[in-house]
Amino acid sequence: MAAANGSAGGVDSKEEFKRIYGVLKEALLRDPAFEFTDSSRQWIDRMLDYNVLGGKCNRGLSVVDSYKLLKGTNVLSEEEMFLACTLGWCIEWLQAYFLVLDDMMDDSHTRRGQPCWFRVPQVGSIAINDGVILRNHIPRMLRLHFRGKPYYADLLDLFNEVEFKTASGQLLDLITTHEGEQDLTKYNIGVHRRIVQYKTAYYSFYLPVACALLLSGEDLTNYGAVEDILVKMGVYFQVQDDYLDCYGDPEFIGKIGTDIEDYKCSWLVVQALERADESQKNVLFENYGKKDPACVAKVKGLYRELNLEEVFLDYENESYKKLITDIEAQPSIDVQNVLKSFLHKIYKRQK
């Protein structure tokens, strides 16, 4: 997901977005609800910069882009820009909270090219509480900047709903991988879709657009079809990720894929299980989830044999056609523009 540049009275969206992070952080570090000591304030200051910054901010910037498209203008007033950026940062805070805890659960080593937060000296299990603080900052920001708005309760409800869906998707991912390690046949397309839909699609695709719709004064209950389209787009995005993990150029995508070694319920292994004969299934059972490069090479060889690159390209073209048809059935041209802008950012992406 990439985000375009735009302006608030001639100001570059990305620059303004970064500036507003500083304003929001400053308010949180002076929250009157807590008596900060110098050391606790410094800890939170450093923890926020380490975990909230450093990503591409695509989800957050998507709120600003979507809001502009819904309003049909590239120029927002100062207040509109501030509110859109604040909601964008709430999503980035949510993402940071998920990643801090996710890295601990996965026992990961690096994130965004630096050590995971819990691996930083003196942090360790304090990272659990930092995750809780990150999550609690979201309603603090919403309360401070949106309390008087008619859609305030809807915003709180939206963030709670999406967080619940994402945490439930994470649970499904964790227990499915655990079951899959015992029995690879537990992996199938329905299981994969459910994990991806709940763990990724709602907070990465639906949430930014839902925030922009609420800012525009819209009632989300009228946008069930839009939610469905964005969730399908999120599933397609994750399938691309699974494909790139195996077939992408590590130099270009910035990481070396390890889905095979990590026993992931990847779209590729699910497709392989569906298409493999008994002897090919045995190759998977014997080699999937092993760290040995020879085992990984055997799995990739089987993927080639089963022509999974071609299978993916067919899936990609079909998904695109279906999504375009669904998008063009939406009554609002502005909403169509938002959905198309999301789709065109990810279609045929290479990283």
Side-chain angles (χ1 to χ4, degrees), residues 1-2 55-56 58 102 106 108-113 169 173 176-177 180-181 184-197 199-201 204-205 232-277 279-324 342-351:
M1 291 162 61
K56 297 184 289 293
N58 289 335
D102 198 37
D106 291 347
S108 299
H109 288 269
T110 58
R111 165 75 63 188
R112 294 168 172 168
D173 191 17
T176 303
T177 304
E181 284 170 2
L184 197 58
T185 60
K186 287 274 199 307
Y187 290 170
N188 61 58
I189 200 69
V191 168
H192 177 270
R193 194 262 319 145
R194 197 175 287 127
I195 291 171
V196 169
Q197 176 173 328
K199 187 180 171 179
T200 304
S204 298
F205 284 80
K232 282 179 192 156
M233 226 182 274
V235 172
Y236 160 58
F237 178 83
Q238 187 58 49
V239 171
Q240 285 177 314
D241 241 30
D242 291 357
Y243 172 81
L244 291 169
D245 184 90
C246 183
Y247 293 104
D249 176 358
E251 286 293 304
F252 192 62
I253 59 176
K255 62 180 181 184
I256 295 163
T258 57
D259 282 0
I260 294 170
E261 294 94 318
D262 295 343
Y263 232 114
K264 283 282 162 71
C265 181
S266 154
W267 185 83
L268 292 169
V269 78
V270 163
Q271 295 300 323
L273 284 164
E274 240 174 53
R275 290 168 167 74
D277 61 28
S279 73
Q280 290 170 321
K281 276 184 184 162
N282 286 333
V283 172
L284 275 178
F285 297 152
E286 283 160 25
N287 296 285
Y288 200 74
K290 304 259 180 8
K291 304 282 180 204
D292 180 351
C295 296
V296 175
K298 281 182 187 167
V299 174
K300 287 188 174 181
L302 179 61
Y303 287 176
R304 261 193 308 281
E305 228 176 274
L306 294 168
N307 214 3
L308 292 192
E309 272 193 84
E310 204 55 48
V311 174
F312 169 75
L313 292 172
D314 288 347
Y315 165 85
E316 181 159 61
N317 291 329
E318 274 310 300
S319 297
Y320 181 79
K321 276 192 268 188
K322 275 190 201 140
L323 284 164
I324 284 290
F342 263 79
L343 183 55
H344 291 140
K345 283 169 197 170
I346 63 169
Y347 181 55
K348 297 276 185 195
R349 70 190 175 99
Q350 298 299 309
K351 68 174 181 178

Inset, instruction - Work out which heavy atom in L284 is nearest to a heavy atom in L302; give both atom names and the distance. - result: CG-CD2, 3.5 Å

Inset, instruction - Kindly give the heavy-atom pair with the smallest separation between V196 and G234, and that separation in Å. - result: CG1-O, 4.1 Å

Legend entry - Heavy-atom pair with the smallest gap, counting every atom of D245 and D259: OD2-N, 3.0 Å

Legend entry - Donor-acceptor contact present, side-chain Q280 to main-chain D277, <3.5 Å: yes

Inset, instruction - Name the orientation class of the two ring planes belonging to F205 and F342 (parallel below 30°, tilted from 30 to 60°, perpendicular beyond 60°). - result: tilted

Inset, instruction - On the 0 to 90° scale, with breaks at 30° and 60°, tag the Y236-Y347 ring pair as parallel, tilted or perpendicular. - result: tilted

Legend entry - Heavy-atom pair with the smallest gap, counting every atom of E316 and Q240: OE2-NE2, 3.2 Å

Inset, instruction - Side-chain contact test, heavy atoms from C-beta onward, threshold under 4.5 Å: evaluate it for R275 versus V311 and give yes or no. - result: yes

Legend entry - Main-chain N/O of G190 paired to N188 side chain as donor or acceptor, under 3.5 Å: yes

Inset, instruction - State plainly whether the residues K290 and D262 are in salt-bridge range, i.e. N to O under 4.0 Å. - result: no

Inset, instruction - Taking all non-hydrogen atoms of both residues into account, name the closest pair between K264 and Y187 and its distance. - result: O-CE1, 3.7 Å

Inset, instruction - Check the angle between the aromatic planes of W267 and F312 and answer parallel, tilted or perpendicular using the 30° and 60° thresholds. - result: perpendicular

Inset, instruction - Classify the side-chain pair Y303/E309 by whether it contains a donor and acceptor separated by less than 3.5 Å. - result: no

Inset, instruction - State, yes or no, whether a side-chain contact exists between V239 and H192 at a heavy-atom distance under 4.5 Å. - result: yes

Legend entry - Closest non-hydrogen atom pair between V270 and C265, with its separation: CG2-SG, 4.1 Å

